[in-house]
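Residue numbers run from 1 in the order of the sequence given. What you see is a predicted model, and the numbers here were worked out from it, not measured in a lab.
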Amino acid sequence: MAPEMMRTTNKSGLKKLFIYIFIILFCKPVFSAENVNWILAAENFSYAKGYVQNAVSEGSAEMFPISILEKLNKTLERNILPDEKYQRQCYKLRNERQSLFLQLSGEYKKRDTLVLNPYTDKELALKIKEQNKEIKKVQDKIAENIKKQKEAEVEASKRMELIYSGKLDTQEPDQSEIEIIKTFIKNIFTKDENIVTQENIYLYQNDFTRLYKPSESAKEAGYTSQNFIKEMMSSNINTLITGVISGYGDYVSVAVELYLYPAGEKIASVMEIGTIQEADLITTSIANQIVPAITNAMPVLLDVNIFPDELVHESMIYIDEILQTSNTDSILVESGVHDIQIVCEGFKTVETSYYFEGNKNYNIDVTLEKEVNGYLQINLVKPLLGDLLVNGEYADKIDEKKSQMKINGKVILGEFLSENGETAFFYIPQNLVLDSNMINIKPKPYDREKNIDKRRKWMYASYTLLMVSLIPTFYTYGNLVNEAKLYNDGLVNYSDAIELQKRSNIFQGISIGCGVFFAFELVRYIIAANAVLPQKAWQGNKDDFEFYDFSVVEETEESDKIEETNNAEVTDAE
């Protein structure tokens, strides 16, 4: 059995090796695809009727589109859907039909001119028959062209239905080795084209400062006219950004429209308002709004699963700060980065931000945790004059050592601020953030930046001293080695060699001391640098916790103030 099993394994290995070699040798040249670029351009913006133009307004008409293109000058890809592919194919077929029609017209004219030649009836009939064959060829080409367009339209419609219905499955089923070979041989000369493809987006002439200037005739005809479409296609422009500026007082309104070619249709229209001083904010907002239209962002289906199950109907889901009111667990959004927030009363809010790629389903599983509400007290091991800031807010001070704060179960980042402005950071880990808990800290407020700078200077000074000390050390040690050789050869006396050895030992000792000094200062510098990290708080004595109700104190103080005011009024009246 063992030899047979070994033979079977060897055959399987050889079969896999043959498959891999076959695919490597033949797949790459057959299926290599040409890189296609998708070109984005913009033109000078125009002004609304009645707007008084000046030198500033002329500059703004150029500044706004350039600034928008600059914001879009980043790595972007456009999803090319079947309907856009069809528009491109339709444009090519339409141009081909126009060419064939001109050719057909020429063939008819050739046939009509045959009667003017001195042919016999038999020769004329033969010539007309031949010419009719040429006419028939052109007519067949036109019919084939129309047939291709109809087929392309039906195919594009079917594919778009697949996309919009969410039934498009981009995952290929697992195939056996034999099925891979069969599929490869069957489609060896067939170009594999995905339903949705991506093209890199580039700016017109690869320069955001270069604006496109259409001809006057195309401008008059309009952005959706055939004249304008031809001009766009001849310049290899896929989308053109246009805009109209209007102003009222100190405010300007910028209305931007995007036109897609060769379809010649408007794909986006946005407007932003602000002062001319806020031009950068205006163009940034416009660029962010038109990115989905430029990239042709495809929808994404989000399945939000909330645990425990009994909290599903009590939870609120926010996407990009918009409450989702869908009755189903599935939410349809555009592809791109989205901020998701799940809120439920009595439980911690869950937030996340993620880039969702189009035409895919995403499962989002959220387990809600109960909020930890209550009060926690912080005890200073060493009394210091100052205030405690916890998560950016002042803690309630009980006395010089103890402060109280409200908690919600999250990690606490705090800061002790001394009276002279020096600080010390600390943090309380989540496992210690408990109701009625006592936490100890020992802050050391001082100017850490100044201390780090001081320790850095000392470290550099010690390093310099070490380097300088090595010069005489190496010099004397080298002379000692040479003197030792001369002494062994009997060329120098003992006293000279001993004297040189003493000097070498002294300088070596100095270098060793400088090295120890440098190591000491290096450690001090590292400690100073690490001192910027927040100190970790530790567990205190829980029995020392004694809740202090500040609301009662505030009410008492407020009533005392009112009483003092009333007494002052009575005194004034008297």
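- F307 CZ: more than 12 foreign heavy atoms inside a 6.0 Å radius.
- Looking only at atom types and distance, the side chain of N305 has a donor-acceptor partner in the side chain of D365 under 3.5 Å away.
- No donor-acceptor pair closer than 3.5 Å links the side chain of N451 to the backbone N or O of A528.
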(request) Could you check E153 against S157 for side chain to side chain donor-acceptor pair (under 3.5 Å), going step by step and ending with a plain yes or no? (result) CA-CA 6 Å; E153 183 179 7; S157 178; over 6 Å; no
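- Counting non-hydrogen atoms of neighbouring residues, nucleotides and ligands closer than 6.0 angstrom, the CD atom of Q98 exceeds 12 such neighbours.
- At distances below 3.5 Å, not a single donor-acceptor pair connects side-chain atoms of S67 with backbone N or O atoms of M63.
- Paired with E199 under the rule salt bridge (Lys or Arg N to Asp or Glu O under 4.0 Å), one option of K85, R88, R78 passes, and it is R88.
- Between atom CG of residue N238 and atom CG of residue N236 there is a gap of 8.0 Å, rounded to the nearest 0.5 Å.
- Proximity of I340 to I364: side-chain heavy atoms (C-beta onward) are separated by under 4.5 Å at one or more points.
- Distance check: N44 CG to K213 NZ gives 7.0 Å after rounding to the nearest 0.5 Å.
- For the pair N206/Y202, a side-chain contact is recorded, criterion being any heavy-atom separation below 4.5 Å from C-beta on.
- Side-chain atoms of N145 come within 3.5 Å of backbone atoms of L93 as a donor-acceptor pair (strictly under, hydrogens ignored).
- Heavy-atom minimum distance, Y47 versus S60: OH-CB, 3.3 Å.
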(request) Tell me, with the steps shown, if Y362 and F356 meet ring-ring contact (aromatic ring centres under 6.0 Å, His included). (result) CA-CA 8 Å; Y362 290 86; F356 296 98; 5.0 Å; yes
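- I68 CD1 to Q289 CD: the interatomic distance, rounded to the nearest 0.5 Å, is 10.0 Å.
- Ion pair D453/R456 flagged as a salt bridge, since at least one NZ, NE, NH1 or NH2 atom sits closer than 4.0 Å to an Asp/Glu carboxylate oxygen.
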(request) Would you sort out whether D280 and K71 count as a salt bridge (charged side-chain N to carboxylate O under 4.0 Å, His left out), showing the intermediate values? (result) CA-CA 10 Å; D280 188 65; K71 303 292 188 305; 2.9 Å; yes
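- Summarising the geometry, atom CZ belonging to R97 is positioned 14.5 Å from atom NZ belonging to K92; distances are rounded to the nearest 0.5 Å.
- From L417, atom CG reaches atom CZ of F425 across 9.0 Å, with rounding to the nearest 0.5 Å.
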(request) Starting from the C-alpha separation in whole Å, work towards a yes-or-no answer on side chain to side chain contact (heavy atoms under 4.5 Å, CB included) for I412 and L432. (result) CA-CA 10 Å; I412 295 173; L432 297 181; over 6 Å; no
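- Looking at W38 and Q198, their side chains never bring a donor and an acceptor atom within 3.5 Å of each other.
- Side chain to side chain, E257 and Y259 meet the donor-acceptor criterion of an N or O pair below 3.5 Å.
- For the pair E369 (side chain) and T367 (backbone), a donor-acceptor distance under 3.5 Å is absent.
- With no hydrogens or angles considered, no side-chain donor-acceptor pair links Q149 and R94 at under 3.5 Å.
- Checked by atom type and distance alone, the side chain of N73 never pairs as donor or acceptor with a backbone atom of L69 at under 3.5 Å.
- For the atom pair D339 CG and Y354 OH, the distance stands at 14.0 Å (nearest 0.5 Å).
- Within the 3.5 Å criterion, the main-chain N or O of V291 finds a donor-acceptor partner in the side chain of T295.
- Side-chain contact annotation: E231 with Y212, donor-acceptor N/O pair under 3.5 Å present.
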(request) List the steps, then state whether side chain to side chain contact (heavy atoms under 4.5 Å, CB included) holds for T242 with V256. (result) CA-CA 6 Å; T242 68; V256 172; over 6 Å; no
(request) Applying side chain to side chain contact (heavy atoms under 4.5 Å, CB included), run through L413 and I428 and close with a yes or a no. (result) CA-CA 7 Å; L413 179 62; I428 304 174; over 6 Å; no
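- Dense packing is recorded around CD of E310, with more than 12 heavy atoms of other residues, nucleotides or ligands lying under 6.0 Å away.
- Looking at S225, its side chain does come within 3.5 Å of a backbone N or O of F228 through a donor-acceptor pair.
- Closest non-hydrogen pair, A61 versus I245, comes out as CA-CD1, 4.0 Å.
- Taking each heavy atom of K230 and Y91 in turn, the nearest pair found is CA-OH, 3.9 Å.
- At least one donor-acceptor pair under 3.5 Å links the side chain of T283 to the backbone N or O of A279.
- Put simply, the side chain of R448 gets close to the backbone of A531: a donor and an acceptor are under 3.5 Å apart.
- Across every non-hydrogen atom of V252 and I282, the tightest pair is CG2-CD1, 4.1 Å.
- Salt bridge absent: K158 and E155 never bring a charged side-chain N and a carboxylate O closer than 4.0 Å.
- Nearest heavy-atom pair across N79 and N296 is O-ND2, 2.9 Å.
- Residues I237 and T239 share a closest heavy-atom pair of CG2-O, 3.4 Å.
- For E151, the CD atom is densely surrounded, since the number of other residues' heavy atoms within 6.0 Å is greater than 12.
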(request) Would you please test L258 and L240 for side chain to side chain contact (heavy atoms under 4.5 Å, CB included) and show each step? (result) CA-CA 6 Å; L258 269 70; L240 181 69; over 6 Å; no
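- The pair K219-E43 meets the salt-bridge criterion, since a charged nitrogen lies less than 4.0 angstrom from a carboxylate oxygen.
- A donor-acceptor pair under 3.5 Å is absent between the side-chain atoms of D320 and the main chain of H338, judged by distance alone.
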